[in-house]
Amino acid sequence: MTEKIKRFLSENRIATPTLVVDVDRVVENYRGFARLLPGAQIYYAVKANPAPQIIKALVREDSCFDAASIFEVRQVLACGAEARKVSFGNTIKKEDDIAAAHALGVGLYAFDSEGEVDKLARAAPGSKVYCRLLLTNESAGWPTSRKFGCEVEMARDLLIAARDKGLVPFGVSFHVGSQQTDLTQWDVAIARSKVLFTALEGAGIKLGMVNLGGGIPVPYRESAPQDEVPSLSTAGRAIADSLNRHFGNQMPRIFAEPGRAMVADAGIIEAEVVLVSRKVYDDSRRWVYLDIGKYGGLAETLDECIRYRIETARDGGTTGPVVVAGPTCDETDVLYDRAGYELPLDLAAGDRVRILATGAYTSSYCSVGFNGFPPLAEHYI
Ligand SMILES: *Cc1c(COP(=O)(O)O)cnc(C)c1O
């Protein structure tokens, strides 16, 4: 948690649950990321946290933006981004939305299928396009394995088709899977990108860009070995080394689309314990129900994928095993059952808890009113 957030929380007793984000930290993360991959153009993945305060701060840093929908395109433009700095990076888009983005001046689009090339050729003629490669991301903390991308051979054919249909075949993209802790996954993807570059040269197409996607992991819970993540600088070095190895002195332009790594550690959620209970008298595990759960913004606890660190005011004393659950009347609203969470034995209803590194994929994931609970309150400082 940043000093600024600590000070803010000690001076203000805010209602819970609330996400508090230190926008300065987002800017620091942006600059740190830019230093790590010098020359790379950063396209912030807006979906991680689309708050205008964050987008405006990144516009001031001269960032570019990866938008997943026409709504995100409009959002970043409304926050002052220039259209030429926006990439419409979802490979699945309605043709009307492509046309709308094209009319707004967006000139860079992703695809991974013939149907999408046809839509782009009709609705955004003359645009730069890049093809997303399929990767299987077994070691990612949050899965991204089947839904997006195509094989290299198909990518080659589609980029040729794109040229023949009046689009500009610009490059290749991939996503190694969000919260990816296995750095060799970037090397696999970069090697495959190089194969595609070479295959296209035979067809007279010289691609000019590799988009590294997102996936840089951030530290969450630090207690278990499976929760250890490589540092940002280690990851940056591994990626830069791989690019040098495969592309050498024929380096294309490099784009990166960090989402999580830009905003996760800039935010915390202040929440409250609603109830501590047991199901049977001699049960050693207590149930701790918080006033935030899967539907209130902690959707990434799905399958206990993302294991947040939880701090309480009673930390330091004896702890015992718990099941952590949300407040809604839904059986699936259980955050951690198998992940081995322990919380203080004297934790009680009404106690405040802080859920750390929750700046990414929380406010943008919460329901609009499941069980009547309002969307997660947000505070940007
Ligand atoms: C979600 C997403 C990102 C951001 O991924 P992180 O793991 O949060 O860095 C980047 N690019 C694309 C295409 C995405 O879908």
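Start at 1 and go down the list; that is how both ligands and their atoms are numbered.
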K.L.:
Less than 3.5 Å apart, any donor N or O on the side chain of D187 or S242 sitting next to an acceptor on the other?
P.N.:
yes
K.L.:
Given the rule in the salt bridge (charged side-chain N to carboxylate O under 4.0 Å, His left out) test, do K47 and D66 qualify, once you have shown the distances and angles that lead to the verdict?
P.N.:
CA-CA 8 Å; K47 72 174 190 278; D66 170 47; 5.5 Å; no
K.L.:
Would you indicate whether R245, at its atom CZ, is surrounded by more than 12 heavy atoms from other residues, nucleotides or ligands within a distance under 6.0 Å?
P.N.:
yes
K.L.:
Regarding Y361 and S178, do their side chains bring together a donor and an acceptor under 3.5 Å, going by distance alone?
P.N.:
no
K.L.:
Regarding T2 and D22, is there a side-chain donor-to-acceptor distance under 3.5 Å anywhere?
P.N.:
yes
K.L.:
Considering only protein heavy atoms, which is closest to atom 7 (O) of ligand 1, and at what distance to one decimal place?
P.N.:
S178 OG, 2.4 Å
K.L.:
Show me which atoms of ligand 1 lie under 4.0 Å from any heavy atom of P258.
P.N.:
9 (O)
K.L.:
Is it the case that ligand 1 has an N or O less than 3.5 angstrom from some N or O of A45?
P.N.:
no
K.L.:
What do you reckon, does Y361 put a non-hydrogen atom under 4.0 Å from ligand 1?
P.N.:
yes
K.L.:
Does CD in E153 sit with more than 12 non-hydrogen atoms of other residues, nucleotides or ligands closer than 6.0 Å?
P.N.:
no
K.L.:
Would you tell me which option among R132, E257, K47 has the nearest heavy-atom contact to atom 14 (C) of ligand 1?
P.N.:
K47
K.L.:
Identify the protein heavy atom lying closest to atom 9 (O) of ligand 1, giving its residue, its atom name and the separation to 0.1 Å.
P.N.:
G259 N, 2.9 Å
K.L.:
One pair to check against salt bridge (charged side-chain N to carboxylate O under 4.0 Å, His left out): E300 and R260. What are the steps and the verdict?
P.N.:
CA-CA 12 Å; E300 285 204 307; R260 191 182 300 282; 2.7 Å; yes
K.L.:
Using a cut-off of 6.0 Å, state whether more than 12 heavy atoms not belonging to E151 lie near its atom CD.
P.N.:
no
K.L.:
Which protein non-hydrogen atom lies closest to atom 5 (O) of ligand 1, naming both residue and atom, and how far is it?
P.N.:
H175 NE2, 2.9 Å
K.L.:
Does the residue G215 have a heavy-atom contact with ligand 1, meaning some pair of atoms that are separated by less than 4.0 Å?
P.N.:
yes
K.L.:
Out of all atoms in ligand 1, which are within 4.0 Å of some heavy atom of D66? Include the element for each.
P.N.:
11 (N), 12 (C), 13 (C)
K.L.:
State whether the shortest distance between N or O atoms of R260 and N or O atoms of ligand 1 falls below 3.5 angstrom.
P.N.:
yes
K.L.:
Hey, does G89 come in under 3.5 Å of ligand 1, counting only N/O atoms on both sides?
P.N.:
no
